[in-house]
There are 2 protein chains.
Amino acid sequence: MADVAERAGVSTMTVSRALKKGSPISDETRRRIMAAVDELGYVLDQTAGTLSSKRSGFVATLIPSINNSNFSDTVRGISEAIEGSGLQLLLGRTDYLVEKEETLLESMLTRRPEGILLTGGSHTPRSRRLLESAGIPIIETWDLPEKPIEHVVGFSNAAATRALVHDLFARGYRNIGFIGGTSNRDTRGADRRVGYSQAIAELGLGQSRIISFGSPPISMEQGGEAIVQLVTQWPEVDAAICVSDLSAFGALMECHRRGWAVPDRIAIAGFGDFEVSRCSHPRLTTVSVDAVEIGRTAGHLLLRAIEARREGRLAPPETSMMPFRVIQREST
Amino acid sequence: MADVAERAGVSTMTVSRALKKGSPISDETRRRIMAAVDELGYVLDQTAGTLSSKRSGFVATLIPSINNSNFSDTVRGISEAIEGSGLQLLLGRTDYLVEKEETLLESMLTRRPEGILLTGGSHTPRSRRLLESAGIPIIETWDLPEKPIEHVVGFSNAAATRALVHDLFARGYRNIGFIGGTSNRDTRGADRRVGYSQAIAELGLGQSRIISFGSPPISMEQGGEAIVQLVTQWPEVDAAICVSDLSAFGALMECHRRGWAVPDRIAIAGFGDFEVSRCSHPRLTTVSVDAVEIGRTAGHLLLRAIEARREGRLAPPETSMMPFRVIQREST
DNA sequence: CTGTTAGCGCATTCAA
DNA sequence: TTGAATGCGCTAACAG
């Protein structure tokens, strides 16, 4: 920056201002400085800027998996929301593990992010402590935690799955099974299972029929194996709800292979409205949540909260309930 | 850090050493320091560390899309490779646009990454300049650029697609069509189309039958519309190669819907060996590339190159050819 | 194994 | 609209 300043015949402070929009500087000076920047191939060092201004320009975002269109759509929404604000995403993948979330959090906090976006409301005690004492806005998404850390942009996975069961019930299905993963690692998956059981109970459908297969997130292939297990164990099942569209699709294809007509022999429903569920034959009934909108809403909320802190205010904790919708398609 | 030092009765330098593995420090001193760190809830500020040590600990990675299992698998491979090295990924999404790549590059360079991993070998002139003068290791992946910037870990998309056409030819198909996007934005997609045309020519199959549909990356749904267009325009086609498994899957489902038997009426092949192609019914013929391995190889290469620069050496440019494999399945 | 000195490259703050 | 002095929080380099 000193070299640029010398070449342009100004002080480094003026160069600093020229490189930041919104600073008072004359057009002519800026022009000269930009020319010098170009000639020298100068690239600003944000590291030094961060140290000096106490603003990193980072927003930490933790998602379970980057190759899941629900979460990557949310990341897209966040990106869109913060575009132009000068903030940069620091993305981390937890692999659906709260322990990995904790490790990532520790490492990300050393970069002094100005805000944190989390997926889900389950965290290790240490993570909670780190988050609560970080002194920056925190947003939990894709869930409705009992005890939110601060802000929330989400919905109840249990309620959404209950709605799906009720919908199937209204269409005449009485022997409804559920396919999910073997552990509670994926807490959203676990909540969906809880919602299923609640609905079965409140509709007086008697026994729950749950197949737990594979460690979450359960794959298409595992969905296929699970549906066979479900039908073998309870031949009377007339509908299967899968924890996500991926396993639902796998189940659907396995039914094709075995000549089980969908939905006549067995109906199949998923969760998440993935592209594959809109395209499969038959198209899959699912629960749709606007993942991009979750990201956008969370991103805007975060921007406001960061803005508030910069001005010394404190935005009050806010919870945004996102709508979900059961989409009936040909598979039920 | 000064607070921690005071509480532990040491200098800040000793605290700094205690927090970094590989530094000479007595167990007792480290224990005292760690206790102080815990009690105070101290979190190291890597920003200051970066400024002082001239090592950011960042590796910039640019991929076209984060919701594409090929690229997210590669990111996973990179993560695995750099795990434990203390490096952190700075991930950017180009949306298949070289212009966006340029913008991202500029913004990432201000964070002083220690290495850069790019997808593909096409860049704007300004991007090339930025990369060449960055003074850090650069790796291009998923491609075999004519004029590599430095290191390469990839394969020829054209050669892979040629191999697929030859394979179909060997199985008796003579009227083979190609489905891809409308522009050359997706350069890997464009290379695949080139490979298709080369193969058609060298096999003496006469005319090329190419449907360009939708702007890349082309979706499942667009694949479905494109196959209808292909069959309408050239009713004699007996096989369709799609630019990726996603469009191939959409095409397959559309065939189901219209009662076109696959592969008897028309064979379908994709590219990329996505999960959906292994699970669909019939299973999709495709070209498989080990995306995770591309990431791992690139990650390890980058680590070596970074290590070399830290020691003042310069790793010679290296090109790793990754293997691809045509996988014949039930759809052809 | 530990401490001291110095400085990384900027932006804040204040003055002009 | 511009400049000077100062310090952000840490680590390199060297000394002991």
Side-chain angles (χ1 to χ4, degrees), chain A residues 1-34 36-37 40-58 86 88 107 109-114 134-135 309-312, chain B residues 1-34 36-37 40-58 86 88 107 109-114 134-135 309-312:
Chain A
M1 189 178 263
D3 292 348
V4 174
E6 187 178 17
R7 187 166 193 117
V10 294
S11 70
T12 59
M13 196 53 236
T14 304
V15 176
S16 177
R17 288 197 182 98
L19 294 174
K20 192 156 133 185
K21 59 185 173 189
S23 306
I25 195 167
S26 77
D27 284 352
E28 162 56 13
T29 309
R30 164 170 270 135
R31 203 197 47 67
R32 277 213 323 282
I33 291 173
M34 286 323 213
V37 164
L40 296 174
Y42 171 72
V43 177
L44 183 72
D45 187 338
Q46 280 218 63
T47 307
T50 296
L51 191 60
S52 170
S53 68
K54 295 160 179 293
R55 289 189 194 175
S56 66
F58 279 132
Q88 203 164 96
S107 110
L109 285 172
T110 68
R111 303 291 186 177
R112 296 293 186 265
E114 300 189 47
R309 298 219 183 196
R310 282 180 177 172
E311 294 170 7
Chain B
M1 191 178 262
D3 292 347
V4 173
E6 187 178 19
R7 189 169 192 113
V10 294
S11 70
T12 59
M13 196 55 233
T14 303
V15 175
S16 176
R17 290 195 181 98
L19 293 175
K20 193 156 130 184
K21 59 184 172 188
S23 306
I25 195 167
S26 77
D27 284 352
E28 162 57 14
T29 310
R30 163 170 271 135
R31 204 197 47 67
R32 278 214 321 282
I33 291 173
M34 287 322 212
V37 164
L40 296 174
Y42 171 72
V43 177
L44 183 72
D45 187 338
Q46 279 218 65
T47 308
T50 296
L51 191 60
S52 168
S53 68
K54 295 163 178 292
R55 289 189 194 174
S56 66
F58 279 132
Q88 202 164 95
S107 109
L109 284 172
T110 68
R111 302 292 186 176
R112 296 294 186 263
E114 301 188 46
R309 300 223 180 195
R310 282 180 176 171
E311 294 169 6

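Just so we're on the same page: letters track the sequence lines, and every chain starts at 1.
- Summarising the geometry, the separation between CG on B/D27 and P on C/dC1 is reported as 8 Å, rounded to the nearest angstrom.
- Straight-line distance from the CG atom of B/L19 to the C1' atom of D/dA12: 17 Å, rounded to whole Å.
- In terms of phosphate contacts, A/S26 brings no side-chain nitrogen or oxygen within less than 4.0 Å of OP1 or OP2 of D/dT1.
- Looking at A/T47 and A/T50, their side chains never bring a donor and an acceptor atom within 3.5 Å of each other.
- Counting all heavy atoms, side chain and backbone alike, B/M1 lies closest to B/T12 at SD-O, 3.7 Å.
- The CZ atom of A/R55 sits 21 Å away from the P atom of D/dG7 (whole-angstrom rounding).
- Nucleotides of DNA chain C nearest to A/V43 and B/T14 differ in position, and the one nearer the 5' end is that of B/T14.
- Ranked by how close their nearest DNA chain C nucleotide is to the 5' end, B/G9 and A/D45 are led by B/G9.
- In this structure, A/D3 atom CG and C/dC10 atom C1' are separated by 14 Å, rounded to whole Å.
- Residue contacts for A/T29: at a heavy-atom cut-off of 4.0 Å it reaches the sugar-phosphate backbone alone, with no base atom in range.
- Comparing A/K54 and A/I25 along DNA chain D, the residue whose closest nucleotide (by nearest heavy atom) sits nearer the 5' end is A/I25.
- Taking atom CZ of B/R112 as the reference point, atom C1' of C/dG9 lies 9 Å away to the nearest angstrom.
- The nearest whole Å value for the distance from the CD1 atom in B/I33 to the P atom in C/dG3 is 8 Å.
- Here the CZ atom belonging to A/R7 is positioned 12.5 Å from the CZ atom belonging to A/R32, to the nearest 0.5 angstrom.
- What separates NZ of A/K20 from C1' of C/dG9 is a distance of 15 Å, to the nearest Å.
- Note that CG of B/L19 is 11.0 Å distant from CD of B/Q46, once rounded to the nearest 0.5 Å.
- In this structure, of D/dG9, C/dG3, C/dC1, it is D/dG9 that holds the atom nearest to the side chain of B/L51.
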Pairs under 3.5 Å (N/O, protein and nucleotides 13-16 of chain D):
none

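- Note that CG of A/D27 and CE of A/M34 are 11.5 Å apart. Values are rounded to the nearest 0.5 Å.
- On a pure distance criterion of 3.5 Å, no polar donor-acceptor pair joins the side chain of B/S53 and the base of D/dT11.
- Side-chain nitrogen and oxygen atoms of B/T12 include none within less than 4.0 Å of the OP1 or OP2 phosphate oxygen of C/dG3.
- The base of D/dG7 is paired with the side chain of A/S52 by a donor and an acceptor separated by under 3.5 Å.
- Distances shorter than 4.0 Å separate some side-chain N or O of A/Y42 from OP1 or OP2 on C/dC10.
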For this session: Would you please test B/R310 and B/E114 for salt bridge (charged side-chain N to carboxylate O under 4.0 Å, His left out) and show each step?
Result: CA-CA 10 Å; B/R310 282 180 176 171; B/E114 301 188 46; 2.8 Å; yes
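- For A/Y42, there are no ring pair (Phe, Tyr, Trp, His ring centres under 6.0 Å) partners at least two apart in sequence or on another chain.
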